[in-house]
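Written below as structure tokens is the structure these notes are about.
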Amino acid sequence: MPAAPLPEIVVVAGIIPDGDDRLCLSRRPAHKHQGGLWEFPGGKVESGEPLERALARELHEELGLDDVQSRPFLTVRHRYPDLHVTLHFREVTAFAGEPHGREGQPVEWVPRTELSARAFPAANRPVAVALQLPPEWVIPPETLDQAEVIAGLARLDPARQGVYLRGWSGHPAVAAACRDRGLRFWIRDDAATARREGAFGLHLSGQGLARAERDGVPAFDGLLSVACHDAAQIERAMALGADMATLSPVRATPTHPEASPLGWDGFADLIAGNPLVFYALGGVTPDDLATARGHGAYGVAGIRGFWRG
């Protein structure tokens, strides 16, 4: 006989900041699913309940917070061995009260830089990664000269934008300009260069992914990212222990007219159930961020529409 389908639940959870770069975490009771692990507070969404209202209700019941306002942050669909769960994480933008464990659960304000030291349920881990990342991933055009790229980097916002030095990974002056500006930047394929330049991340192209599978993941202390275009590449990225991935193309682009666009629904279907932080790439702009987050991505990436040269 076929196995009975696993139960499925929908959960909403809050990313609650305190103004000092700390976030509110609570510990799950030992008797519950994933008990004893830390989590972003929240709970089950009732049938037909809007997500913002569900989060406000849960944070009042769990933490004693009132007047909660929030906006979408990241959606994660995860398959545990005994449960399928869709988690809608929302960034809390306003609240009244001081969070405390109304159900007896431990509650702590944890510095953002210490999140990686906490034990989270698997479905929460992509959020801990995303909280280190900018929502926009900017790729400098390769048609410019070095001086134009450095001038353009000075116009980027380090709080909102990171930089993938796709065609500029071998240019120390460009990496130095990123460091001087405080921009998080990624190097393409070359772990030695990434280490030497103090890059925030190493991004593997298709060739870099194949090389890492053949020779092993290169030694690098930063985040590992992979360029993906289909389900097989997402699976390979996860097998390597990647932290994040770009998935493209969402829409048709003039630079890759032969590529079949995924569309937003296709994008959402491919990333569902895969605990990676995803950036939507290909024909998107910063104005698509809310749409991307509504389909499970954390951020958006590209050249046109992102680069202000």
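Note that the structure is a prediction, hence the values are computed from the model and not measured.
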- Considering residues, nucleotides and ligands other than Asp145, do more than 12 of their heavy atoms fall under 6.0 Å from its CG? yes

- Going hydrophobic residue to hydrophobic residue with side-chain gaps under 4.5 angstrom, can you get from Leu183 over to Leu144? yes

- May I ask you to test the Val92-Leu59 pair for a side-chain heavy-atom distance under 4.5 Å? yes

- On a heavy-atom basis, the closest approach of Gly299 and Leu289 is CA-CD1, 3.9 Å

- Item | Over all atoms of both residues, closest heavy-atom pair of Pro261 and Ala252 | CB-N, 3.6 Å

- Please confirm whether the backbone N or O of Gln233 pairs with a side-chain atom of Glu235, one donor and one acceptor, at under 3.5 Å? no

- Message: Could you tell me if the side chain of Phe220 sits less than 4.5 Å from the side chain of Arg195, heavy atoms only?
- Response: yes

- Note on the structure: For Ala212 and Leu204 the tightest heavy-atom approach is CB-CD1, 3.9 Å

- Query: Just by distance, with hydrogens left out, do Ser169 and Arg188 show a side-chain donor and acceptor under 3.5 Å apart?
  - Reply: no

- Item | Min side-chain heavy-atom separation Ile16-Leu63 under 4.5 Å | yes

- Do the side chain of Ser248 and the main chain of Val250 share a donor and acceptor less than 3.5 angstrom apart? no

- Passes side chain to side chain contact (heavy atoms under 4.5 Å, CB included), Leu25 versus Leu115? Steps please. CA-CA 9 Å; Leu25 299 182; Leu115 289 176; 4.0 Å; yes

- Query: Heavy atoms, side chains only, cut-off 4.5 Å: are Ile9 and Val45 in contact?
  - Reply: no

- Item | Minimum side-chain heavy-atom gap Val110-Leu23 below 4.5 Å | no

- Query: Do Tyr164 and His203 make the cut of ring centroids closer than 6.0 angstrom?
  - Reply: yes

- Query: Where do His88 and Val10 land on the side chain to side chain contact (heavy atoms under 4.5 Å, CB included) test, with the steps shown first?
  - Reply: CA-CA 8 Å; His88 297 281; Val10 178; 3.7 Å; yes

- Query: How long is the gap from CD1 on Ile271 to CG on Leu276, to the nearest 0.5 Å?
  - Reply: 9.5 Å

- Query: Do other residues, nucleotides or ligands put more than 12 heavy atoms under 6.0 Å from Arg71 CZ?
  - Reply: no

- Item | Those residues that, when tested against Asp18, pass salt bridge (Lys or Arg N to Asp or Glu O under 4.0 Å) (two or more places apart) | Arg22

- Pair Gln161-Trp307, side chain to side chain donor-acceptor pair (under 3.5 Å): steps then yes or no: CA-CA 10 Å; Gln161 296 170 306; Trp307 183 258; over 6 Å; no

- Task: Return yes if some donor-acceptor pair links the side-chain N/O of Arg179 with the main-chain N/O of Glu197 below 3.5 Å, else return no.
- Result: yes

- Note on the structure: In this structure, CG of Leu131 is separated from CG of Leu74 (nearest 0.5 Å) by 9.0 Å

- Could you please spell out the steps behind the side chain to side chain contact (heavy atoms under 4.5 Å, CB included) verdict for Leu133 and Tyr279? CA-CA 11 Å; Leu133 296 172; Tyr279 282 75; 3.4 Å; yes

- Message: If I take atom CG from residue Leu209 and atom SG from residue Cys228, how far apart are they, to the nearest 0.5 angstrom?
- Response: 7.0 Å

- Cation-pi, Phe73 ring and Arg293 (6.0 angstrom, 45 degrees): yes

- Message: Tell me if a side-chain donor or acceptor on His229 pairs with a main-chain N or O of Ala227 at a distance below 3.5 Å.
- Response: no

- Task: Verify the neighbour count for atom CZ of Arg112: are there more than 12 heavy atoms of other residues, nucleotides or ligands below 6.0 Å?
- Result: yes

- Item | CG on Leu51 to CZ on Phe89, rounded to 0.5 Å | 12.5 Å

- Message: Taking Glu39 first and then Arg28, would you say they form a salt bridge - that is, a charged N and a carboxylate O separated by under 4.0 Å?
- Response: yes

- Find out whether Trp186 and Leu165 are in side-chain contact, i.e. whether some heavy atom of one side chain is under 4.5 Å from a heavy atom of the other. no

- Message: Counting neighbours of CD on Glu61 that are heavy atoms of other residues, nucleotides or ligands and sit closer than 6.0 Å, is the number greater than 12?
- Response: yes

- How about Glu108 and Arg27: do any of their side-chain heavy atoms sit closer than 4.5 Å? no

- Message: Looking at Arg236 and Ala231, would you say the former's side chain and the latter's main chain have a donor-acceptor pair under 3.5 Å?
- Response: no

- Under the salt bridge (charged side-chain N to carboxylate O under 4.0 Å, His left out) rule, what pairs show up with a residue in residues 237-251, not counting sequence neighbours? Arg251-Asp288

- Message: Rounded to the nearest 0.5 Å, what separates atom CZ in Phe267 from atom CG in Leu262?
- Response: 8.0 Å

- Identified side-chain contact (heavy atoms from CB on, under 4.5 Å) counterpart of Thr246 within the set Ile139, Val300, Leu281, Val226: Leu281

- Message: Tell me whether Leu224 shares a hydrophobic cluster with Ile187, the cluster being built from Ile, Leu, Val, Met, Phe, Trp, Tyr side chains joined at under 4.5 Å.
- Response: no

- Message: Between Glu114 and Arg118, does the salt bridge (Lys or Arg N to Asp or Glu O under 4.0 Å) criterion hold? Intermediate values first, please.
- Response: CA-CA 7 Å; Glu114 297 179 12; Arg118 299 295 176 115; 5.1 Å; no

- Message: One pair to check against side chain to side chain contact (heavy atoms under 4.5 Å, CB included): Gln146 and Val174. What are the steps and the verdict?
- Response: CA-CA 7 Å; Gln146 180 171 285; Val174 176; 3.9 Å; yes

- Task: Taking the side chain as every heavy atom from C-beta outward, state whether Leu156 and Phe306 have any pair of such atoms under 4.5 Å apart.
- Result: no

- Query: Would you find more than 12 non-hydrogen atoms of other residues, nucleotides or ligands less than 6.0 Å from Glu213 atom CD?
  - Reply: yes

- For the atom pair OG1 (Thr193) and CG (Leu202), what is the distance rounded to the nearest 0.5 Å? 9.5 Å

